[in-house]
Amino acid sequence: MEFILFKRICVFLSWSLSFVKCRMLKVLGGDSSVLFFDFCKSFFLVFVIVLNPYGIKSSSDRHSEYLILGSTSESFDLDQDLSVVVLIDDETLSSIEAGYPVSYFTLAKMMQVISFYDPKLVFWDLLQHFEHSSNLDYWIRQLKKSGERHPVYMAQDPYYDTDLRLNDEGSLRGKLNDSTFLSPVSWYGPDNRYPLYISVEENKRPTTALLLYKEYCEDSIDCSSSSINKKNFERDMLVRWNSTSHSEQGSYISIPDSCKDTSSGFFKFLYSNFSYGFSSSVDREEKRNKCFPVLTIQAKDLLKDGAFASSFLRAALKDKYVFVGYDLKGSADKVISPVHRQLPGVFYHVMAFSNLVEMHDRYWKSSAAIGSYGASYSDIVQACLYFLVLIFSSFLRYTLTKKVLCESRVNMVYYVFSYVLFVFIVAVFGFVSSVLLDVLGPMNWLAYTGIVMVGGAVLYQPVFVKKVYGVLFLRKGGRNDL
């Protein structure tokens, strides 16, 4: 009885192994129809990437840009003597025993001190929609007085500031409109893009960074405000960040855990993010640069006795583009830098302005959209590159399959070298095209790396199947030297 059962088990195993063998031989078959199916699979995979189901590609694009900005931060060298940020922080409110928002009298005193040292211009990143304290007229008079010495820009929400509000001379927005230049700081769109033009009631309006850049070009020999072509600045900016700080930053403001540069090179930054899934948010925060990207001072220094005779403030403010903003705990006005820790929102405007000053109309742009569709030209070009890599790996697998079936030993070095060389050529083409072609933005290198890994797995499939085949069928006397 046991012998009959054992015999049946052997027959079943023999039939099962024969079935597996047929399937393996079918996979390893040299039929050209395999290429057609690989073509269809490659096209489907690339189509899924462009389709962007559940925002998977968008998340990959975002993190890829994060790595690009972080790894290239050391090569972005901005002029540290161009701008300065004045932060109205919790320590400032504590020193004057005041709450939020800061009174108009205090703001007027700050404006008076800043103007005393003859800055190039002053931008206030403060949205003031309603009167919140006394001395509003004093604040307005000081803004007008300072505006006679240098341009004064005030933040605005262009969707709130209707013509009716701005033309009402009795309203706060009307008074600010008469005494300052209003510059848009609110817009709709992704938070990792800085638009230089926004649409407001079917009109294109320049945002803060571009308005200040035009002021810069009034006095600069590097550019001319009259020669600024609107067409060259229509695309949203991918803001670059630097990894260095002002050499005198430590003497202006104390930073917890010491203000030190943690700048890293290209490969060091990529290596530090390689094990992203195995590091905590605290560990990643510790690796960030603890310094501010531009010279930063606290607003409390403007409110001290003797502020008008301070060599300290003169060095910080004279002939500078001054940006004033809040830095309060719990504030929603924050920006995430790929290099630094979470920063006050005013730094976003500083860095966008600095990007224009350093690169002019060659700033890093978002990929141009195709009409009203969600896809962009960059998506199409990258999809073609992905498709080429997958098809080439499938072709190598097709030729390798015949070698595996007919020969006991195959030289894998030739196939691996061919694949690596092709991948490198495609990567160079992708990089050059994203740099030279104005319609393209930064390439999604994370998605490309994933496609290369898939192609490598496809290429190795015949060898893997042959090895499994050898284990199952060649143990009885056959030989598998591969």
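Because the structure is a prediction, the values reported are computed rather than measured.
- With respect to the salt-bridge test (charged N to carboxylate O, under 4.0 angstrom), the residues Glu234 and Lys365 do not qualify.
- Heavy atoms from other residues, nucleotides or ligands lying under 6.0 Å from CZ of Phe105 number 12 at most.
- Other residues, nucleotides and ligands contribute only 12 or fewer heavy atoms inside 6.0 Å of the CZ atom of Phe417.
- With 3.5 Å as the limit, one finds a donor-acceptor pair spanning the side chains of Thr106 and Ser103.
- Using cut-offs of 30° and 60° on the angle between ring planes, the pair Phe353 and Phe323 is tilted.
- Taking each heavy atom of Tyr213 and His360 in turn, the nearest pair found is OH-ND1, 2.7 Å.
- In this pair, Tyr104 and Trp139 present their aromatic rings parallel. The plane angle is below 30°, not in the 30 to 60° band.
- Between Phe422 and Phe392, the two ring planes are parallel [angle under 30°; tilted spans 30° to 60°].
- Heavy-atom minimum distance, Tyr153 versus Leu212: CD1-CD2, 3.7 Å.
- Tyr197 carries Lys230 over the face of its six-membered ring, with the cationic atom under 6.0 Å from the centre and within 45° of the normal.
- Geometrically, Arg173 does not engage Tyr160 in a cation-pi contact, judged by NZ or CZ lying under 6.0 Å from the ring centre and within 45° of the ring axis.
- Ile114 and Pro119 get closest at one heavy-atom pair: O-CD, 3.2 Å.
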Per-pair distances, 0.1 Å, donor-acceptor, side chain in residues 324-333, under 3.5 Å, sequence neighbours excluded:
residue	atom	partner	partner atom	Å
Tyr326	OH	Val102	N	3.1
Asp327	OD1	Lys334	NZ	3.0
Ser331	OG	Asp333	N	3.2

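- Surrounding CG of Asp77 are at most 12 heavy atoms belonging to other residues, nucleotides or ligands under 6.0 Å away.
- Defined by atom type and a distance below 3.5 Å, a donor-acceptor pair is missing between the side-chain atoms of Arg149 and Ser115.
- The number of heavy atoms from other shown groups lying within 6.0 Å of CG (Leu421) is above 12.
- A salt bridge does not link Asp178 with Lys144: every distance from a Lys NZ or Arg NE/NH1/NH2 to an Asp or Glu carboxylate oxygen is 4.0 Å or more.
- Checked by atom type, the side-chain pair His246/Tyr252 shows no donor-acceptor distance below 3.5 Å.
- Within the structure, salt bridge (Lys or Arg N to Asp or Glu O under 4.0 Å) pairs that include any residue of residues 194-219 do not occur (at least two apart or interchain).
- Heavy atoms of other residues, nucleotides or ligands lying less than 6.0 angstrom from OH of Tyr159 number more than 12.
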Indicate every side-chain donor-acceptor pair of residues 292-308 with a distance under 3.5 Å to a residue at least two apart or in another chain.
residue	atom	partner	partner atom	Å
Thr296	OG1	Val294	O	3.0
Gln298	NE2	Asp89	OD2	2.7
Gln298	NE2	Glu91	OE1	3.1
Lys300	NZ	Glu91	OE2	2.4
Asp301	OD1	Lys304	NZ	3.2

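- Closest of all the heavy-atom pairs between Lys320 and Ser83 is CD-N, 4.4 Å.
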